[in-house]
Amino acid sequence: MTHVQFEYTSHRLEGEVVVPGDKSISHRSIIFGSISHGITKVTNFLDGEDCLRTIDAFREMGVQIEKEESSVLVYGNGLEELKKPEKPLNFGNSGTTTRLMLGLLSGLPFETSIFGDASLTKRPMERVVTPLRKMGAAIRGEADGNYLPITIQGGELQGITYRLPVKSAQVKSAVLLAGLLAEGETVVQEDTETRNHTEVMLQAFGADLKQNEDGIVVTNKGKLTACDVEVPGDISSAAFFLVAGAIVPGSAVTLKNVGLNASRTGILDVMKRMGAALTVSNERTTGGEKIGDLTIQYTALKGTTIEGDVIPRLIDEIPILALLATQAEGKTVIKDAEELKVKETDRIEAVCQNLQVLGANITPTEDGMIIEGPMKLTGGTISSYMDHRIAMMGVIAALVSENPVKMDEKESINISYPTFFDDLEAILR
Ligand code: S3P
């Protein structure tokens, strides 16, 4: 197998990066634009493969969507006008598309089949299928509908009250989307707050959604009206340069217009606790979402414990935080993160395996990992596991490795950050 080699010795990072649009918000802008009435203009849309799957799905259902780089126009005609797709929908690598669309398709009056790539086919869908069936959805698929390919015979749905058994914004969003099509009230309750972009955006589009002591309550009574969306920069993408700036000696990097929704900023809290020289400036709000600029400077860091309620607020950042911990003084313990096992790959295994190869002292546990630092990384040959966030972690590791890092591929990075290497090159000094 041919490997790609990354070698960045004796560099530091300096300058500004405008990271691309948030993946979660980009998906939702297409979904809500497509089911509302009028033209939704989306700016700073993430032009990554996952979000393009969501655009393709609605085009297949008859929605006109015009896209020019990161500007998208969605010509919504309402839920009623969505048409049965002529062929099965291919959701590629995108868990968000799959889980959210399962909710919507459950209430539409036609049958749809969906499938995905090898990674998506291994990811559990029971977490969304169970509440949707309680609402009356007819879903069939592999292992009683736990795995793709899945066929959904849409029909009438009844509102339910559902307490999330997994801390998942995708499950919450699937139930809320089905709730837009259900008779009566649908109530979602969560013990730990997960990202709330669905709630924020649905309210902006005019849905009948409120949050009260019962939970998040939605009905089919609101009229969804087109609403322009300015997508904030993705903090999950910014995370790679935040960590790079924190661990490469002499670095000073500013990340512009990054989404700072409190349900996503766990990484900032943890990095500050570890002693990072991190500042937030230019804070403002757009479309109900907070954004701002983040500046990071290299400084010595200390280990910490990452557990409990912060986990859903940084779940996608754990691979890169594990790398950060290898460069921090002392022990870092990551707990309560068993969800990592069902991401694009088993990220506990992928992170530990790769960082061990690179010379780190890291041990996997049932629900996370334990890292002892600081360790000078040696370099070596790793695998991306075809997972975008594992691949980017490997590249950033090369910045602090004595010898090159070789990896089996880098194309998976296009899932969430197609301009990753351009942005990195632009700040290498
Ligand atoms: C997402 C929610 C998270 C996250 C994923 C995107 C979303 O997944 O890991 O990258 O857009 O709702 P879970 O809901 O499975 O935790």
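Just so you know, ligand 1 is whichever comes first in the structure, and atom 1 is the first atom listed for that ligand.
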Check: Are the aromatic ring centres of Tyr147 and Phe115 under 6.0 angstrom apart?
Finding: no
Note to self: Counting non-hydrogen protein atoms only, what is the nearest one to atom 12 (O) of ligand 1? Give residue, atom name and distance.
What the structure shows: Arg28 NH2, 2.7 Å
Next item on the list: Only pairs at least two apart or in different chains count here, so list each side-chain hydrogen bond (donor to acceptor under 3.5 Å, both in side chains) that has a residue in residues 120-139.
Entry: Glu126-Thr130, Arg127-Glu339, Arg133-Asp144
Checklist line | Test of proximity, Ser168 against ligand 1: N or O pairs below 3.5 Å | finding: yes
Next item on the list: Go through ligand 1 atom by atom and flag the ones less than 4.0 Å from a non-hydrogen atom of Ser24.
Entry: 1 (C), 6 (C), 7 (C), 11 (O)
Margin query: Using a 4.0 Å cut-off to any heavy atom of Asp316, which atoms of ligand 1 qualify?
Written below: 4 (C), 5 (C), 9 (O), 10 (O)
Item checked: Closest approach of any protein heavy atom to atom 1 (C) of ligand 1, naming residue and atom -> Gln170 NE2, 3.5 Å
Next item on the list: Output the list of atoms in ligand 1 that are nearer than 4.0 Å to some heavy atom of Lys343, sorted by atom number.
Entry: 3 (C), 4 (C), 8 (O), 9 (O), 13 (P), 15 (O), 16 (O)
Next item on the list: Check whether any side-chain heavy atom of Arg163 lies under 4.5 Å from a side-chain heavy atom of Glu190, and answer yes or no.
Entry: no
Check: Taking N or O atoms only and a 3.5 Å limit, does Ala169 qualify as a polar contact for ligand 1?
Finding: yes
Margin query: For Thr419, give me all partners under side-chain hydrogen bond (donor to acceptor under 3.5 Å, both in side chains), at least two apart in sequence or on another chain.
Written below: none
Check: Any chance the rings of Phe420 and Phe241 have centres within less than 6.0 Å?
Finding: yes
Next item on the list: Would you mind listing which atoms of ligand 1 come within a distance below 4.0 Å of any non-hydrogen atom of Lys167?
Entry: 16 (O)
Note to self: Can you see whether Glu230 engages Thr43 through a side-chain donor-acceptor pair at a distance of less than 3.5 angstrom?
What the structure shows: no
